[in-house]
Amino acid sequence: MSGRKKLFIDGRWLEALNYENLKSPYSEETIAEIPHAAIEETEAAIAAADRAAKVMAEMTCHQRAEILDNVTSLLAKRAEEAARLIAVEAAKPLAMARAEVQRTIMTYKFSSEEARRIHGEQIAIDAAPGGENRTAYTIREPLGAVGAITPFNFPMNLVAHKVGPAIAAGNSVVLKPASQTPLSSLFAAGLFAEAGLPAGALNVVTGSGKTVGDQIVTDPRIKAVTFTGSPEVGKEIRRRSGLKRLTLELGSNSALIVDRDVDIDEIMARCVASSFSFQGQVCISLQRIYVHEEIYDEFVNKFVETTQKLTVGDPLDERTDLSAMISRKDVERALSWIAEAKQNGAAIAAGGTAERNIVLPTVLLGVDPKTKVSCQEAFAPIVLINKVKSVEEAVNDVNDSRFGLQAGIYTANMHHAFYAAKKLQVGGVMLNDTPSFRVDQMPYGGVKDSGTGREGVKYAAQEMTEMKLIVINHNITHARP
Ligand code: NAP
C-alpha cells in the first residue's frame, strides 16, 4: 500500500505532476504519496470519460453486468487486503473495515443485477382522448459522463454506491475521492481495469475538493454530479453545478426515540454500537436519544456501563472498537462542542476527553437543544440522552432539526410506531431499530439539509439515466392508395 501512487486516466496509470503525503490518522506516519491532480490531468480524465461515455452507451446490459460480476469476484478474493487498506487510511477498526468490504461486494452484486433489469414502462396512451390508436413506452438512457465525489468515512462502499450504478446504467465516471482516503478508490480502479471495463469508463483523480472537485462539478461535459459529503460542500456544489443532474447525500444529527415499554437489555448493545461505530463518523450515527421518563435512569445507567466496556486503540488491533478521529482538527472540534454543551448545563456521564487523537466515547445528559452537539452534525463519538414525557414530545424534538436522514423508534405500542412513521420528517424511519440501519439495496437519502435524491443501487441507477418517451402513431400506414 505504501509508495508513490498514480492517477488512473483513460485506462492507464499515470505519474502525476504534483504529490502530497498521506498520513495515517492513528499513527500520523506517512503511508503513501498521493497525486494531487493538476488542471491538465483532471481535464484529461474528463475528456477520457466524455469519449468513453459513447462506448459505454453502446454496450449491452449483459456486458456491463459481466464487468460488475467480475469486480465482485475480484474483490471477494482480495477482501482482507481491501479491509486493511480502509483500516489504515481511515483509522477504521478492522472488524468494521471488513464489514465495509462485505457490503461493497453486495453493492457491486446489486449493481450487476440492476444492469440486467434497467427498463422503462408501457404508457396507457389512449387513456386520454386524442391518444387513440397509438402505443407508447419509455426507455432509460445513460446520461453520459458522471462526476462522483465521495467522503472519507466509507471509502470503498460509498464509491461503489456511485461507480456501480453508473456503470450498470451505461455511464462513464470521473471519481474524486476524499483527500484522506484515496487508496480505496485507486484499489477499486485496479479491480475495474482487471474486470474488463473499457478505457476511460472509470477515471480516478485524487487531489483537493476545492480544485479537482470544483473542476469536475463545473465542466459542461460532466452531465451529472453525485456527491456524498457535508451539507456545506453540498450547497456549494449545488451553486456551482448549474443545470446538471445532481444527487446530494449529506449529513445529519440522527435521533432515536425509546418508549416506556421496551426491554432495555434487548436493545442496549445496538444503541451503543450505533452511537460509536467508526468513532461516530457515520452519516446515520446515533447522536440524539430521547427516552421516556419512566425508564430514563435505567436506560442511562446501562448505556454508560456498556459504553465503558468499549476498547479504544489501534485500528489494526482485532480488539479495537474505537480508534482515532479522521483529523486533529476534528478532535479539537469535538472537545470544544462537548465543552459548550457542559457550559449550557449538560452533564458528562462518560468520556468527554481525548487520548491523543482518540476522542473517548462520550455520553451527555440533559443537553440544551440549541447547543452544537444537538443541532449540528457531531460526526464524533458523542451521543446525548434526553428525557421526554411522551412519544409526541420526542417526535417534536427529533423534528426540531435542520437535518432529516433517518430516525428510529423502539416501542411495543403499535399506535406509537405508526404515529412516528407518519410524523418523523426524515428519508427513512426504522421501527424497532436505531437510525443507523442500512443495507445497500434500500432507498437511502434525506430531506431538509440532509440532501436530495436517493441512493441504494436501483434508485441511484435511476437517477443516472434519462427517461425517453417513444410514441407510435398507428393511424399512419404509409400505404399508397
Ligand atoms: P466533505 O468535507 O464534504 O468532503 C466530501 C468530498 O467533497 C471530498 O472528496 C472533498 O474533497 C470534496 N470537496 C470538498 N470541497 C469541495 C468543493 N468545493 N467542490 C467539490 N468537491 C469538494 O465530507 P467528509 O468530511 O469527507 O465526509 C463527512 C460528511 O459526509 C458528513 O457530513 C457525513 O454525514 C456525510 N456523509 C453522508 C452520507 C449519506 O449517504 N448521506 C454518507 C456518508 C457521509 P477533500 O477531501 O479533498 O476536501
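First listed ligand is number 1; within each ligand, the first listed atom is number 1. Everything numeric here is computed off the predicted structure, so don't read it as measured data. Counting from 1, the numbers follow the sequence of the chain as shown.
- In this structure, R454 fails the cation-pi test against Y444, since its NZ or CZ atom is not both closer than 6.0 Å to the six-membered ring centre and inside 45 degrees of the ring normal.
- Close contacts between ligand 1 and E249 involve ligand atoms 37 (C), 38 (C), 39 (C), 40 (O), 41 (N) [criterion: under 4.0 Å to a heavy atom].
- In terms of polar-atom proximity, defined here as any N/O pair under 3.5 Å, I149 makes no such contact with ligand 1.
- At a threshold of 4.0 Å, the pair K458-E113 does not count as salt-bridged, since none of the basic side-chain nitrogens sits closer than that to a carboxylate oxygen.
- No side-chain heavy atom of L322 sits under 4.5 Å from any side-chain heavy atom of T311.
- Salt-bridge formation is detected for the pair E80/R84: a Lys NZ or Arg NE/NH1/NH2 atom is positioned less than 4.0 Å from an Asp or Glu carboxylate oxygen.
- Heavy atoms of G207 come nearer than 4.0 angstrom to ligand 1 in at least one pair.
- Ligand-side atoms of ligand 1 in range of N153: 43 (C), 44 (C), range being under 4.0 angstrom from any heavy atom.
- Aromatic ring orientation, F379 versus F152: perpendicular (interplanar angle above 60°, classes split at 30° and 60°).
- Contacts with ligand 1 closer than 4.0 Å are made by side-chain heavy atoms of L405 only, the backbone lying farther away.
- Within the 4.0 Å heavy-atom shell around ligand 1 one does not find F154.
- Looking only at atom types and distance, the side chain of S184 has a donor-acceptor partner in the side chain of E89 under 3.5 Å away.
- One finds no salt bridge joining K342 and D368 here, because no Lys/Arg side-chain nitrogen approaches an Asp/Glu carboxylate oxygen to under 4.0 Å.
- Below 3.5 Å of separation, one finds no N or O of S208 facing any N or O of ligand 1.
- Under the 3.5 Å distance criterion, the side-chain polar atoms of E455 are left unmatched by any main-chain donor or acceptor of P443.
- Inside a 4.0 Å radius of atom 21 (N) of ligand 1 there is at least one protein heavy atom.
- Ligand 1 has no N or O atom lying under 3.5 Å from any N or O atom of V233, backbone or side chain.
- Considering backbone and side-chain atoms alike, S450 places every N or O at 3.5 Å or more from each N or O of ligand 1.
- In terms of protein heavy-atom proximity, atom 28 (C) of ligand 1 is nearest to F379 CE2, 3.4 Å.
- Here the heavy atom of the protein found nearest to atom 3 (O) of ligand 1 is S230 OG, 2.6 Å.
- Close approach to Y444 involves these atoms of ligand 1, each under 4.0 Å from a residue heavy atom: 39 (C), 40 (O).
- Residue contacts with ligand 1: G451 is excluded, as none of its non-hydrogen atoms falls under 4.0 Å.
- Heavy atoms of I326 found under 4.0 angstrom from ligand 1: none, in either backbone or side chain.
- Under 4.0 Å from ligand 1, not a single heavy atom of E455 appears.
- Considering both main-chain and side-chain atoms, E236 never comes within under 3.5 Å of ligand 1 through any nitrogen or oxygen pair.
- Nearest protein neighbour of atom 11 (O) of ligand 1, counting heavy atoms only, is K176 NZ, 2.7 Å.
- Heavy-atom contacts of T228 reach the following atoms of ligand 1: 5 (C), 36 (N), 37 (C), 38 (C), 39 (C), 40 (O), 42 (C), 43 (C), 44 (C) (cutoff under 4.0 Å).
- The local environment of CD in E355 is sparse, with at most 12 non-hydrogen atoms from other residues, nucleotides or ligands closer than 6.0 Å.
- The closest protein non-hydrogen atom to atom 42 (C) of ligand 1 is C283 SG, 2.9 Å.
- Under a 4.0 Å N-O distance rule, the pair K92/E100 qualifies as a salt bridge.
- F187 and F192 have their aromatic ring centers separated by at least 6.0 angstrom.
- Surrounding CZ of R356 are more than 12 heavy atoms belonging to other residues, nucleotides or ligands, all under 6.0 Å away.
- Distances below 4.0 Å separate heavy atoms of G251 from the following atoms of ligand 1: 32 (O), 34 (O).
- Considering only non-hydrogen protein atoms, atom 41 (N) of ligand 1 sits nearest to L250 O, 2.7 Å.
- Using a 3.5 Å distance cut-off with no hydrogens or angles, the side chains of D397 and N386 do not pair a donor with an acceptor.
- Relative to atom 6 (C) of ligand 1, the option among L248, T181, T150, L158 with the closest non-hydrogen atom is T150.
- Annotation: atom 7 (O) of ligand 1 to nearest protein heavy atom, F227 CE1, 3.2 Å.
- Remark: K23 does not engage E28 in a salt bridge, criterion side-chain N to carboxylate O under 4.0 Å.
- Closest protein heavy atom to atom 48 (O) of ligand 1: G209 N, 4.0 Å.
- Considering backbone and side-chain atoms together, F152 places an N or O closer than 3.5 Å to an N or O of ligand 1.
- Residue-ligand proximity, P177 to ligand 1, at heavy-atom distances under 4.0 Å covers atoms 9 (O).
- Ligand 1 has an N or O atom lying under 3.5 Å from an N or O atom of S179, backbone or side chain.
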* Should R402 and E232 be marked as a salt bridge (Lys or Arg N to Asp or Glu O under 4.0 Å) after you check the CA-CA gap, both sets of side-chain angles, and the distance that decides it? -> CA-CA 13 Å; R402 53 185 269 240; E232 291 63 37; 3.5 Å; yes
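- Judged by distance alone, with hydrogens and angles left aside, the side-chain atoms of E377 form a donor-acceptor pair with the main-chain N or O of S252 at under 3.5 Å.
- Of all protein heavy atoms, the one closest to atom 34 (O) of ligand 1 is E377 OE2, 2.5 Å.
- Defined by atom type and a distance below 3.5 Å, a donor-acceptor pair is present between the side-chain atoms of K448 and Q425.
- Between P151, G229, S241, it is G229 that holds the heavy atom closest to atom 29 (C) of ligand 1.
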